[in-house]
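Just so we're on the same page: letters track the sequence lines, and every chain starts at 1.
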2 protein chains.
Amino acid sequence: MKKPKVPQPKPGGPTQKGQCAKRVSILDAAAEVFCRKGFAGASIDEIAMEACVSRQTVYNHYREKETLFMAVVQDILDRANAALFSILATFPDNGHNLEDDLTAFAVRLNRNCVCNHDGKFIRKLVQTEGERYPHLFEIWRQQGPGKIGTALAALFARLSHVARLDIDDFDLAAKQFLALVNADLQMISFFGGTPTDDELEKSARAAVRTFLRAYGRPPAREAGVEELREETA
Amino acid sequence: MKKPKVPQPKPGGPTQKGQCAKRVSILDAAAEVFCRKGFAGASIDEIAMEACVSRQTVYNHYREKETLFMAVVQDILDRANAALFSILATFPDNGHNLEDDLTAFAVRLNRNCVCNHDGKFIRKLVQTEGERYPHLFEIWRQQGPGKIGTALAALFARLSHVARLDIDDFDLAAKQFLALVNADLQMISFFGGTPTDDELEKSARAAVRTFLRAYGRPPAREAGVEELREETA
DNA sequence: GACGGATTAGACAATGGTGTCTATTTTGAC
DNA sequence: GTCAAAATAGACACCATTGTCTAATCCGTC
C-alpha cells in the first residue's frame with residue numbers, strides 16, 4: 001500500500017539508451033526530491049514513487065544513490081546553460097532604449113536561469129552538498145555563475161564600446177549587475193517561493209536604474225545630476 | 001572505540017541552568033555538525049562526540065533532535081543580532097570621508113555578520129531546512145536580513161538628511177547596498193571558504209564606489225555642510 | 001502467439017540512526 | 001567525607017534506508 005505505485009506503464013515509451021522515458025522521469029523526480037530533502041534526506045523509495053517507477057528500475061538505470069545524484073546535477077547544469085545562451089543571443093546590440101533593454105534582459109535572465117526551478121535547485125544543492133562534493137561546487141562555479149559573469153562582461157564591453165556605458169572594470173560591473181538584479185529577489189527565491197512577473201519586472205527596473213546611475217552615459221536628457229555638479233562648482 | 005570519548009570532564013564547570021558548560025559545548029558542536037551535514041545527515045552520536053559528551057547528556061539537555069536543532073538556530077540568531085547592533089553603533093554620524101566610512105562599515109558587517117561562521121551557518125541552514133520548517137525561515141527573515149535592512153535604511157535616511165547621500169527609496173538602497181557589497185564575496189562564502197581581509201576590503205571598496213556613483217552627492221558640498229552643522233550646534 | 005528485454009512487487013540482510021533504560025562514576029556543595 | 005545531581009558507557013528496541021535478489025508481469029517486435 002505504501003510502496004511505489006505505477007498507474008499506466010505508458011505504452012509509447014521508446015527503449016533507447018540515451019533518452020528513455022523512464023530515465024527522464026527518474027531524473028526529474030530525483031531532482032525534485034534531492035532539492036526538497038537534500039542528499040541524505042532523500043530516499044530512493046520516495047524518488048521511485050515520485051517517478052512512478054519501481055525502486056529496482058532506479059537501481060537498473062543508476063548503479064547507486066550517488067550515481068543518480070551526480071547525473072541529476074549534470075542534467076540541470078546542462079539545461080541551465082542552454083537557457084542562458086539562448087537569452088544572451090536575444091540582446092539587441094543597437095536598441096533604442098538601454099534601460100528597457102537591460103530590464104527586459106534582467107527579467108528574462110532571472111525568470112529562466114536564476115529564479116526558476118533549475119536555478120533554485122542547483123544553488124540549494126551546491127550549498128547543501130558542496131562541502132561533501134567539492135567537485136560539484138567547482139563544476140557549478142565554472143558552468144553556472146562563471147559563465148553568466150563572463151558572458152555579461154562581454155556584453156558590457158560591447159555596450160561600452162558603442163558608448164552607451166561608462167565602465168572601467170567589466171567583470172566587476174557584471175558581478176554588480178547580477179547582484180543588484182537579485183537584491184530584491186534573493187529573499188523570495190531563497191525560500192521556495194517563485195517571484196511573480198510583477199515582482200520580477202519591478203525589481204529588475206529598480207536594479208537597472210541604479211546600475212545606470214552608476215555606469216550609464218548621460219544621453220543629454222537625463223543629465224540632471226551632471227548638470228547640478230557643473231552649476232555648483 | 002567509535003563511540004563518544006570524553007577526555008577530561010573539566011572540573012571547573014558550574015552547574016547552572018542558564019549556561020552550563022556542557023550545554024554550550026553541545027550547542028556549538030550541534031551547530032557545527034548540522035551545518036556540515038544538514039538536519040537529516042547529522043547524527044546525535046556525532047554531535048555528542050564533537051561536544052566531548054555522552055549521547056545521553058545530549059538527550060538530557062534537549063529532549064529530541066528537533067529541540068536541539070531549534071535551540072541552535074535561536075542561539076546563532078541571537079549572537080548574529082548582537083554583532084549587528086554593535087557594528088551599527090560604531091558608524092560615525094559626522095565622519096570626514098563618506099566612502100571610507102561606508103567601506104569600513106561594509107567590511108565589518110561582512111566580517112562579523114555575513115561571512116563569518118554564524119552568518120554562513122544560518123544561511124545554509126535556512127536554505128537547507130527552510131522548506132521543512134517554514135517557521136525557521138520566517139524567524140530568520142525577520143531577525144536576520146530584515147533587521148539589517150531596516151537598520152541600514154535608517155542609517156541612509158540619516159545620511160540623506162545630512163545631505164551626504166541622494167536617495168529616494170531608503171529600503172531599496174539598503175537592499176542594493178547589501179547586494180553590491182556581497183557581489184564578490186557571495187561565491188566565496190557560498191562554499192566553505194572565508195574571504196581574506198584583503199578580499200573583504202577590496203570588494204567592499206568596489207561596492208561602495210559603485211554605490212556612491214549612483215547615490216552619492218557631489219563631494220564639493222560635503223565638508224561645508226558638515227562644518228556648518230557642527231558650528232551651529 | 002511467442003520471444004526477450006525491461007519492469008514490477010515484494011522479500012531480504014545489513015546498516016545506521018533515534019530515543020530509552022540502567023548501572024556506574026564523577027562532580028560540586030555542604 | 002557525604003550526598004545528590006549530573007554525566008557516563010553500554011545495551012536495547014524500534015524504525016528507516018540501502019542495495020540485492022527473485023519470481024512474475026508487461027511491452028514492442030517478430
Checklist outcome for this item: Ranking A:Gln56 and A:Glu46 by the position along DNA chain D of their nearest nucleotide, the one closer to 5' is A:Glu46
Checklist entry - Would you find a donor on one side and an acceptor on the other, under 3.5 Å apart, between the side chain of A:Lys65 and the backbone of A:Phe39? => result yes
Item to check | Side-chain (A:Lys175) to main-chain (B:Ala183) donor-acceptor, under 3.5 angstrom | outcome: no
Item to check | Length of the CZ-C1' vector between B:Arg55 and C:dT22, whole Å | outcome: 13 Å
Item to check | Interatomic distance, B:Asp45 CG vs C:dT20 P [rounded to whole Å] | outcome: 14 Å
Checklist entry - Does a donor on one side chain sit under 3.5 Å from an acceptor on the other, for B:Glu64 and B:Tyr59? => result no
Item to check | Side-chain heavy-atom pair A:Ile47, A:Phe34 within 4.5 angstrom cut-off | outcome: yes
Checklist entry - Would you find a donor on one side and an acceptor on the other, under 3.5 Å apart, between the side chain of A:Ser25 and the backbone of A:Ala51? => result yes
Checklist entry - Restricting to pairs with a member in residues 101-111 of chain A, which pass salt bridge (charged side-chain N to carboxylate O under 4.0 Å, His left out), not counting sequence neighbours? => result A:Asp101-A:Arg164, A:Arg111-A:Asp197
Checklist entry - Think A:Arg23 forms a cation-pi with A:Tyr62, using NZ or CZ under 6.0 Å from the six-ring centre and within 45 degrees of its axis? => result yes
Checklist entry - Does C:dT27 have OP1 or OP2 sitting under 4.0 Å from an N or O in the side chain of B:Lys22? => result no
Checklist entry - Quick one: does B:Asn182's side chain have a donor or acceptor within less than 3.5 Å of a partner on B:Leu178's backbone? => result yes
Next on the checklist: If you take any heavy atom closer than 4.0 Å to DNA chain C, which residues from residues 27-41 of chain B end up in contact?
Outcome noted: none
Checklist entry - Heavy-atom contacts under 4.0 Å between residues 57-69 of chain B and DNA chain C, which residues? => result B:Tyr59, B:Glu64, B:Lys65
Checklist entry - Whole-Å distance between C:dT8 P and A:Met49 CE? => result 14 Å
